[in-house]
Amino acid sequence: MSEHTTVVEWRRGAGEAFLDRRYSRRHTAVFDGGATVALSASPHVVRVPFADPSAIDPEELFVTALASCHMLWFLSLAAEAGFCVDSYRDAATGVLGPDAAGREVITMVTLRPHCRFSGQRIPNAEQITALHERAHEACFLANSVRSELRIEPVF
């Protein structure tokens, strides 16, 4: 078992109102390795200027975390199988909508990984699909969510 930490911090701006809900949602996250990332509510949820569209929102982080975890497993499994991956790009999307109880949730995440290979052994579509299936089964985050998670490799 391992523990992962993040420090999320927000401060009200000098002279900024709060009780009227007209405050900035911009905040930061400092990860255990030291990286600092600007975060905000999504401008789809909270209007600008109270949301910062240049910052990352929690929904984007959720989709990114799933895509990143899947990619890392895929790369590991491809290397183990003897396939040399030169590049990996995933145009992942997440859909925010109501669940059966009417709560807003990420209802579906779709990963669309596209890989380029080189070397003596180039996998065919069936082998790539099998690697993605194994990566999905192994991904810690995919095993942790209740949303539908689709993997649609791009060939």
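Just so it is clear, the model here is predicted, and its values are computed rather than measured. Starting from 1, each residue takes its place in the sequence as its number.
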CD1 of I151 to CG of L131, rounded to nearest 0.5 Å, is 12.5 Å
Looking at every non-hydrogen atom in both residues, tell me the closest pair between V154 and R112 and how far apart they are. CG2-O, 3.8 Å
Aromatic rings F140 and W73: how do their planes relate, parallel, tilted or perpendicular, breaks at 30° and 60°? perpendicular
Any non-hydrogen side-chain atom of F117 less than 4.5 Å from a side-chain atom of D86? no
Can you find a pair of side-chain heavy atoms, one from T110 and one from E152, that are under 4.5 Å apart? yes
Does the side chain of H4 come under 3.5 Å of the side chain of S2 through a donor N or O and an acceptor N or O? yes
Drop me the distance from L75's CG to F83's CZ, to the nearest 0.5 angstrom. 13.5 Å
Spacing of SG belonging to C115 relative to CD1 belonging to I122, to within rounding of 0.5 Å: 11.5 Å
Of N143, L141, T64, which is the lone residue that meets side chain to side chain contact (heavy atoms under 4.5 Å, CB included) with C69? L141
In terms of heavy-atom contacts, does CD of E16 have more than 12 from other residues, nucleotides or ligands at under 6.0 Å? yes
State, to 0.1 Å, how close V85 and A78 come at their nearest heavy-atom pair, and which atoms those are. CG2-CB, 3.7 Å
Parallel, tilted or perpendicular, judged at 30° and 60°: which one describes the rings of H70 and H132? parallel
Do you reckon F155 sits in the same ILVMFWY cluster as L77, going by side-chain contacts under 4.5 Å, direct or chained? yes
Do any side-chain atoms of residues 95-106 form donor-acceptor pairs under 3.5 angstrom with protein atoms, and if so which ones, sequence neighbours left out?
from : atom 1 : to   : atom 2 : distance (Å)
D99  : OD1    : A101 : N      : 2.9
D99  : OD1    : G102 : N      : 3.0
D99  : OD1    : R103 : N      : 2.9
D99  : OD2    : R103 : NE     : 3.0
D99  : OD2    : R103 : NH2    : 2.9

Tell me whether the NZ or CZ atom of R12 lies within the 45° cone about the ring axis of Y23 and under 6.0 Å from its centre. no
With a 3.5 Å cut-off and sequence neighbours excluded, list the donor-acceptor pairs that the side chains of residues 27-42 form with protein atoms.
from : atom 1 : to  : atom 2 : distance (Å)
H27  : ND1    : R25 : O      : 2.7
S40  : OG     : D52 : N      : 2.8
S42  : OG     : H44 : N      : 3.0

Under 6.0 Å from the CZ atom of R89, do we count more than 12 heavy atoms belonging to anything else shown? no
Close side-chain approach of Y88 and L72, heavy atoms under 4.5 Å: no
4.5 Å side-chain heavy-atom contact, D90 and H114: no
Exercise: identify the closest heavy-atom pair between S24 and W10: O-NE1, 2.7 Å
Side-chain heavy atoms of L19 within contact of R21, under 4.5 Å: no
Any side-chain heavy-atom pair from V109 and F62 closer than 4.5 angstrom? yes
Can you see which heavy atom on L111 is nearest to which on A92, and at what distance? CD2-CB, 3.7 Å
R26 side chain reached by S54 side chain, heavy atoms, under 4.5 Å: yes
Decide yes or no for F74 and P113: does some side-chain heavy atom of the first lie under 4.5 Å from some side-chain heavy atom of the second? no
